[in-house]
Number of protein chains: 2
Amino acid sequence: MKLELQIKMNPSLFLRDPEQSELGKNIIKHSIQLIHDNGFEAFTFKKLAESIGSTEAGVYRYFENKHKLLVYIISWYWGWIQFQLNYQTNNISDPVIKLKKVITLLSKNVEDDITTGHVDEAQLHQILISEGSKAYLTNHVGKDNNQQFFQPYKDLCNAVGEIILECNPKYKYPHSLSSTIIEIAHLQNFFMNHLPSLTDFSKSKDESEIIKYLEELVFNTIRD
Amino acid sequence: MKLELQIKMNPSLFLRDPEQSELGKNIIKHSIQLIHDNGFEAFTFKKLAESIGSTEAGVYRYFENKHKLLVYIISWYWGWIQFQLNYQTNNISDPVIKLKKVITLLSKNVEDDITTGHVDEAQLHQILISEGSKAYLTNHVGKDNNQQFFQPYKDLCNAVGEIILECNPKYKYPHSLSSTIIEIAHLQNFFMNHLPSLTDFSKSKDESEIIKYLEELVFNTIRD
DNA sequence: TTATTTAAGATAGTAATACTATTATTTAAA
DNA sequence: TTTAAATAATAGTATTACTATCTTAAATAA
């Protein structure tokens, strides 16, 4: 029996569930490819349809607009990361080791997970680095938030916050530190590769440097 | 005699210098207003021209496209912040006090500076929080960087990095910590106001909480 | 003063984007 | 076997992101 990882998605994000059909799965697969290759601004439903060999109207039956599609694949990514986090920290009792695993999970370039047929997690990780913040940096962030579009991100942030509190129950900013870790892991990666003078990793261009930087930052601030 | 603060801008950002004419100054003024009110995605040159009482073609004589206009006003902001930083830290010898001033300057909501007639710094600060990262999160970040579009940001990052090194000459990540301070000051502000569960400041919604959080983060990581 | 350059206003036009609508065809479920 | 649902094919619209041209007004130089 083949085990397939299914991530439960917020139905308000789509008009028709893309997991339930070949066309749907192709929409996800090719969206990730195209956004990864050309960026979200250059991404259109027309190009997507051409890439699939379907039509623009076909895509619109699944997603209202490209922003919801972006939020969909980003939500999927956070759900997948949450699963990886639970899996990797399962049976570990030391919260410091757990938190180190989290930092590594968020900072390291991801390998494609073969249990998810139509999703390339490595590309998705790159999309999160370059386009992730565009999911919420909009004028309609409030409405989107009311519809729970960012729940997977919030859940992850809470889970990491819990681990931080396990390390130091008195630490006052577990949520802020949690969102800081997530965002800075991505941002330093982007800067390292595109605006290297904003980092100290320009020579090596190695994510393990980001991990060291973040570990120092995090463990020095949560120690009493 | 009236002193007016002039910030030197990269001429590659514009076709005609907006500082040199009334129309130009109106373009800057109304761009800030419109981007602040409706977000960068909803901002078009047509709406801008209507708001000024000029024409689309008129705006295009100053800026090639709306992205360059965004980069222009963001560069202007970083130039202004650099000036504020130099002014406020002038004659202070203690680098710890300097660094605290920097954190406050970057985190606190800004008041309009009357010495700059056509620019509303308070609105500009809000634009930086919501739209700042869109200046570089593009597919053409490399080309833009080659044209020095992000120099004011880099200069600021270097200046803050210098102060960090004054606090602790052995600290290994002055640039990364510097870009982290700048970005997290904005990000936590955005989260506090729009996605409060990603922070620990949801009750007070007070920037001074962000300052405390950042100070703890920064000074714990740079102490040897 | 007149001639000349320059900026700005007015208007038109185009390709691409972000959709909506309609109809025909294929596929799957009752 | 009938019916419903999904998809493909095609067309069309409003808006966006520009480019081009022509005229007028204002500044400046001869």
Side-chain angles (χ1 to χ4, degrees), chain A residues 9 11-31 34-35 37-73 118 131 134-135 138-140 143-144, chain B residues 9 11-31 34-35 37-73 118 131 134-135 138-140 143-144:
Chain A
M9 300 299 296
S12 315
L13 285 172
F14 50 78
L15 301 169
R16 206 196 294 301
D17 185 354
E19 300 276 352
Q20 300 304 316
S21 74
E22 272 316 299
L23 178 58
K25 285 178 193 164
N26 268 320
I27 288 173
I28 301 307
K29 185 179 174 176
H30 287 81
S31 292
L34 287 174
I35 295 173
D37 291 353
N38 313 311
F40 183 63
E41 275 69 46
F43 173 76
T44 70
F45 278 4
K46 187 152 188 228
K47 289 177 195 164
L48 172 60
E50 273 160 22
S51 148
I52 298 169
S54 178
T55 61
E56 222 183 334
V59 178
Y60 274 105
R61 257 180 253 117
Y62 282 81
F63 289 97
E64 229 179 298
N65 53 54
K66 72 175 189 167
H67 182 257
K68 284 199 175 174
L69 176 45
L70 179 70
V71 175
Y72 179 95
I73 64 171
H118 56 296
E131 323 288 346
K134 293 173 192 169
T138 66
N139 232 33
H140 45 87
K143 279 181 200 166
D144 288 0
Chain B
M9 300 299 296
S12 315
L13 285 172
F14 51 77
L15 301 169
R16 207 197 297 299
D17 185 355
E19 301 276 352
Q20 300 305 316
S21 73
E22 273 314 300
L23 178 58
K25 284 178 195 164
N26 269 321
I27 288 173
I28 301 306
K29 184 179 174 175
H30 287 80
S31 294
L34 286 175
I35 296 173
D37 291 353
N38 313 309
F40 183 62
E41 275 68 47
F43 172 76
T44 71
F45 277 5
K46 188 153 187 227
K47 289 176 194 164
L48 173 61
E50 273 161 21
S51 148
I52 298 169
S54 177
T55 61
E56 224 183 331
V59 177
Y60 275 105
R61 263 181 236 115
Y62 282 81
F63 290 97
E64 229 179 297
N65 53 53
K66 71 175 190 168
H67 182 258
K68 284 199 175 174
L69 175 45
L70 179 70
V71 175
Y72 179 94
I73 63 170
H118 56 296
E131 323 288 345
K134 294 173 192 169
T138 66
N139 233 33
H140 45 87
K143 279 181 199 165
D144 288 1

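Here is how names work: the chains are called A, B, and so on, in the same order as the sequence lines, proteins then strands, and each is numbered from 1.
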Novice: Could you state the CD-P distance from B:Glu50 to C:dG9, rounded to the nearest angstrom?
Specialist: 14 Å
Novice: Can you tell me the distance, in whole Å, between the CG atom of A:Leu48 and the P atom of C:dA16?
Specialist: 18 Å
Novice: When rounded to the nearest 0.5 angstrom, what distance separates OG in A:Ser54 from CG in A:Leu48?
Specialist: 8.5 Å
Novice: CZ of A:Phe14 to CD1 of A:Ile27: how many Å apart, nearest 0.5 Å?
Specialist: 12.0 Å
Novice: So does B:Thr55 get a side-chain nitrogen or oxygen closer than 4.0 Å to the phosphate oxygens (OP1/OP2) of C:dA10?
Specialist: no
Novice: Rounding to an integer number of Å, can you tell me how far B:Tyr62 OH sits from C:dA7 P?
Specialist: 8 Å
Novice: Mind calculating the distance between NZ (A:Lys47) and C1' (C:dC19) to the nearest angstrom?
Specialist: 16 Å
Novice: Taking any atom closer than 4.0 angstrom to a non-hydrogen atom of chain A, what span of DNA chain D does the protein reach, first nucleotide to last?
Specialist: D:dA6 to D:dT10
Novice: Angle class for the A:Phe45/A:Phe43 ring planes (parallel below 30°, perpendicular above 60°, tilted otherwise)?
Specialist: perpendicular
Novice: Verify whether one side chain among B:Ser31 and B:Tyr72 offers a donor that lies under 3.5 Å from an acceptor in the other.
Specialist: no
Novice: Let me spell it out: for each of B:Gly53 and A:Phe45, pick the nucleotide of DNA chain C with the closest heavy atom. Which residue's pick is nearer the 5' end?
Specialist: B:Gly53
Novice: Is there side-chain contact between B:His140 and B:His67, with heavy atoms separated by less than 4.5 Å?
Specialist: yes
Novice: Mind calculating the distance between NZ (A:Lys46) and C1' (C:dT20) to the nearest angstrom?
Specialist: 15 Å
Novice: Between CG of B:Leu34 and NZ of B:Lys47, what distance do you get to the nearest 0.5 Å?
Specialist: 8.5 Å
Novice: Classify A:Tyr60 by what it touches in the nucleic acid, base, sugar-phosphate, or nothing, heavy-atom distance under 4.0 Å.
Specialist: base
Novice: As a test of reading the structure: which of C:dT11, C:dA7, C:dA18 is closest to the side chain of B:Ala57, going by heavy atoms?
Specialist: C:dT11
Novice: Tell me: CG of A:Leu23 to P of C:dT27, nearest whole Å?
Specialist: 14 Å
Novice: Select base, sugar-phosphate, or nothing to describe what A:Glu22 touches, counting heavy atoms under 4.0 Å on all strands.
Specialist: nothing
Novice: Would you mind pulling out the nucleotide paired to D:dA26, Watson-Crick or G-U wobble, both distances under 3.5 Å?
Specialist: C:dT5
Novice: I want to check one thing: is the phosphate of C:dA7, taken as OP1 and OP2, less than 4.0 Å away from some side-chain N or O of B:Arg16?
Specialist: yes
Novice: How long is the gap from CD on A:Glu131 to CG on B:Asn139, to the nearest 0.5 Å?
Specialist: 7.5 Å
Novice: Please give, in whole Å, the distance from C:dT11 P to B:Arg61 CZ?
Specialist: 14 Å
Novice: Looking only at side-chain N and O atoms, does A:Lys66 come under 4.0 Å of OP1 or OP2 in C:dA18?
Specialist: yes
Novice: Give one of base, sugar-phosphate or nothing for B:Glu56, where a contact means two heavy atoms less than 4.0 Å apart.
Specialist: base
Novice: How long is the line joining CG of B:Leu15 and P of C:dT6, in whole Å?
Specialist: 16 Å
